[in-house]
Structures are given as structure tokens and as C-alpha cells.
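For reference, the structure discussed in these notes is given below.
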Amino acid sequence: MLDIGLIRKDPEGVRARLATRGATATEGLVQVLQADEERRKLVGEVEKLKSERNTISKEIGGKKAQGESVDDLMAGMKEKSDRIAALDRQVAEVEVQQEGLLLSIPNLPWEECPKGTSPTDNPVVSKWGEPKKFDFKAKDHVALGEALGILDFTASAKISGSGFSVYKGAGARLERALINWMLNLHSGEHGYTEVSPPFLVREASMVGTGQLPKFRDDMYAVEGGELFLVPTAEVPVTNLHREEILTEADLPKRYVAYTPCFRKEAGSAGKETRGLARMHQFDKVELVCIEHPDRSMKALEELCGHAEAVLQKLGLHYRKIELCAGDLGFGAARCYDLEVWAPGMGQFLEVSSCSNFRDFQARRMGLRFKGADGKNRPCHTLNGSGTALARLFIALVETYQTKDGKVEIPETLWALLGTKTIG
RNA sequence: GGACAGGUGCCGGAGUGGUCUAUCGGGCUCGCCUGGAAAGCGUGUGUUGGGUAAAACCAACCGAGGGUUCGAAUCCCUCCCUGUCCGCCA
């Protein structure tokens, strides 16, 4: 959520920065300013009346206590109260309107965000490793996995339909080993506190991180309740400190959490849907950081480095790209994507998205810290996948496949997996 | 799911219609005192919105939302949460 004070103070500056996201990003700006002006006018009016009412009510109390007549004071009080009630209703109405508009306006891109309007404008920041070369025709993970009996798409389709997966045997164990290994890495070596959060969250939490109200169609809602299945651990974990005022000494807060992620993926049918690449349910280990505004850009580099460490330790070729303003997610001010090379599919797959939201989410969830000057300011929040499973699984089995259809597992996972080779 | 008891400030804990400007105690801040500390004394101590150059000042907030009233922490309704017991259950 943008700061209404900033919009009021510099509407043209805000408009110009939002416009770098694309033409539709500035929708609602005019209306939100109108609502703000209307709201302040009404509030001024009603508070003056309330002040008068408070004064007279006290006088009535005092006179009654001394047995004096209060008839003259009572005259007109009912009308005043009715007028206040009517104005209060108007204020509430305008507030709801203003809040709704503010919640639907995306974040301001970082001042130095790459310009651009589509994914093709995203600059490649760096590459790590080399694409794996084979002296045979590399299979994709679907062919490999089904032949090895570690993936069963027939079963998952039967149980739940398309967009779901069944891992079996060494496949299931590999999934679990990867989750454990990543949690151990981030909590043990990168200084994150491990959290195991709820997988169902209330609407307010989804509003806090920005999924709602705008992206309701992408979320799974529990029938009859107001709970939603988490689309990412970012939601429950960032909301750990919702409506809190932290001290500067509390910052940074770093959390790592494993959760399954549930996404409807509405409108993405047919794109990248082969095998495990796009699921309605997938596992993910997520990194979350709550930081001081002065340090959040540095924290983004660190957090992204922690995600990169996963790919490096597994010896997987990947590239790091920075999203241009036009490709930035709704709440992000700056974002890096990590894309791992899947040699069987012959393409890069996004396994991590590391974003700095600055104060956008913090404003929505009332997450503040008390500064040295005693003033409360919104914290900055960041998160990044560290990393997403399914696609990591794809890259791993496709990269380490052998000519005879086996998979040779990197040494880092041997102990947790209990074997060096699958097949 | 059922019954009962609760939810007040940083913490404990009063307050059942009117100077509540939320008693009191503890904690913490700053100051005095002291060689230094403790004790003691004094002082201050929330959030949000409006307002202002900044203040002053004003309004709202006693779990949340409605209602009654000139006036609500207090009375009424709905909901949420916590505790205890019962039921159910991994």
C-alpha cells in the first residue's frame, strides 16, 4: 500500500513512477486523491461537532450532580448526535472506498529499476556454471521419472486431476531430502530462524502480503470459511509480526519456512505445463526478511545470495535476471529471478524470485519499528524462494541423468537421501 | 461441538451510566539525592487520524463490529480470541 501522504504531496511524481509499470498501473490514483480530500473534509466537520458534544455532555453531568436543571443544555443535543452519526457513516464509507483503492494500487518500482515492459526486457545479471553436455539424447524428467518409477502422473491425474503430482519411492525421498537439506542450510549457515507456519490463513493475512483483494481468482479458498490455502510461505511468515511495533534492535528478522504452495494458476493453461513445471500444489522453502529501510537493498543482495547458494551447492547451471519495471510483481519494488537450466526440457525454469517490497506490505499489515527518533515507521519486508521444489527436482534429475536412464545424485544429498544413485 | 469463566495501557490489576483527563501497584525514561549505587523524592511514559512550518490543540481507541443514550470501559446484540471442564480425535 502506498503512503497516502506521499500521493497527496507529490501526485505527479507518484504517477510517473507507477507509469513505468505500464499504463494501467496508475488506475485509481485520481479517485484515491478525491476520496482523501472528501474524507479529510468530513473528518474535520465531525470532529468539531464531537468536541462540542463532549463539552456539553460534561456540563450536563456536572449540573445533574448538583441537582440543577439541564433542560437548556439538552435542547438540540439529539439533533447534534444524529448529525454526528450521519457524518460518521459518511466518513466510514469514504474510508472504505479510499482503502479499497489504495489496496489495489501496485507498489512504486525502485528508482533505478531497469526500464521495460515485458520479460524480454529483463537484463541478465549473471550466469553460474555451464549447461550440462551429454553424449546421448537427454530425456526430460517426465520420461526419466516415469521410467524410474519415481513420478506417477497417471496416479496424480486420477486422484486430483491435472496440475498435481505423485512422487514415489526414491522420488518422494528426494523431495523430502531437498526440503530438509535447504532448511538445514538456511537455518544452520545463513542465520535464518526456522518456522513451521499454518498452511491455511485468514483473509487479513492475504491482504497484508498483497494477494488480496486483487488476486482472489488465483487463490484457493476453503468452502464456507474465510480461510485460504497459502500460495507461498511468504503469507504466514511475513504476517508473523503483523500489527506489531518492533525496536531497531529487533531488526533484521530472518525466517525460513517450508510449506506446500497452492495456486489455481488461472489463465496459464497450456504454458509451461509439461510434467512438474507448473503445479496447483508444489513444495517450497521460503526465505523472509524484515529489515530497517536503510538496509533493505543490501538485504536483498544477501537473501538472493542465500538462494543462489542452493543451486551452487547442487552444481546446477542457472542465470540471475533482474525484472524490469513493467514485469515486476504487484507488491515488489525490486526483484531478481533465479532460473535454473533444465537440460531435458531445454529451457530455464524460474526456481526463485527474490523481492524487496520496501514498506508496501508493512503498511498493509501495520508492521512498524520505533526509530531512534521515537517515531514509528513501517519496516521493509523481503522474501525469496530458497528454493521452489518441483522445478528444482526437474533440474536435478535432468542434469544428473546417465546414459542408461539413472540419476547420479550430488554428494551433498547422499546422507539425507540414503543413496548415491536412483535407478 | 457443548458448558462455564474471562479479554482494560509495557506488565499486574481496579473501575457496573456523567470532571474517566482510566484509580492503584510494578516496570521503564529523565532529573534530584549519592564518592558510586540502592532506597527515597520528583517527572514523564500508548496507538491511529485531523491539524501545524514545527508545536499547541482536537477526535477516536478499554478484544472486534453494531445498538440504546444528551453522554458508554460500564447496559443490549453479534462475532473473534484465551482459559477450564466435557465430548470427539491424530
Practice task
Go through the structure and list residues passing salt bridge (charged side-chain N to carboxylate O under 4.0 Å, His left out) with A:Lys48, not counting sequence neighbours.
Solution key: A:Glu52
Problem - Contacts of A:Asp140 that satisfy salt bridge (charged side-chain N to carboxylate O under 4.0 Å, His left out) - sequence neighbours left out - result: A:Arg274
Residues which pass ring pair (Phe, Tyr, Trp, His ring centres under 6.0 Å) with [X], listed by chain and number, not counting sequence neighbours:
| X | result |
| --- | --- |
| A:Tyr220 | none |
| A:Phe357 | none |
| A:Tyr167 | A:Phe393 |

Exercise for the section: Tell me the stems RNA chain B sits in, counting at least three consecutive Watson-Crick or G-U wobble pairs, each under 3.5 Å on both distances. Expected result: B:1-7 with B:80-86, B:10-12 with B:24-26, B:30-32 with B:40-42, B:46-50 with B:57-61, B:63-67 with B:75-79
Problem - Within residues 295-314 of chain A or reaching into it, pairs that qualify as ring-ring contact (aromatic ring centres under 6.0 Å, His included) - sequence neighbours excluded - result: A:His190-A:His306, A:Tyr192-A:His306
Problem - Selection residues 358-377 of chain A - residue pairs positive for ring-ring contact (aromatic ring centres under 6.0 Å, His included), sequence neighbours left out - result: A:His292-A:Phe369, A:Phe330-A:Phe360
Taking only N/O atoms, report every protein-nucleotides 46-48 of chain B pair under 3.5 Å with atom names and distance.
from  : atom 1 : to       : atom 2 : distance (Å)
B:U47 : OP1    : A:Lys370 : NZ     : 2.8
B:U47 : OP1    : A:Asn376 : ND2    : 2.8
B:U47 : O3'    : A:Arg368 : NH1    : 3.0
B:U48 : OP1    : A:Arg368 : NH1    : 3.0

Handout entry: Test item: A:Glu286 side-chain N/O and A:Tyr258 main-chain N/O as donor-acceptor pair under 3.5 Å
Key = no
Handout entry: Results of side-chain hydrogen bond (donor to acceptor under 3.5 Å, both in side chains) for A:Gln211 - residues two or more places apart only
Key = A:Thr209
Interface polar pairs with nucleotides 71-73 of chain B, N/O, under 3.5 angstrom:
from  : atom 1 : to      : atom 2 : distance (Å)
B:G71 : OP1    : A:Ser81 : OG     : 2.8
B:G71 : O4'    : A:Ser57 : OG     : 3.2

Completion exercise
By side-chain contact (heavy atoms from CB on, under 4.5 Å), A:Lys78 pairs with (sequence neighbours left out) A:Asp82
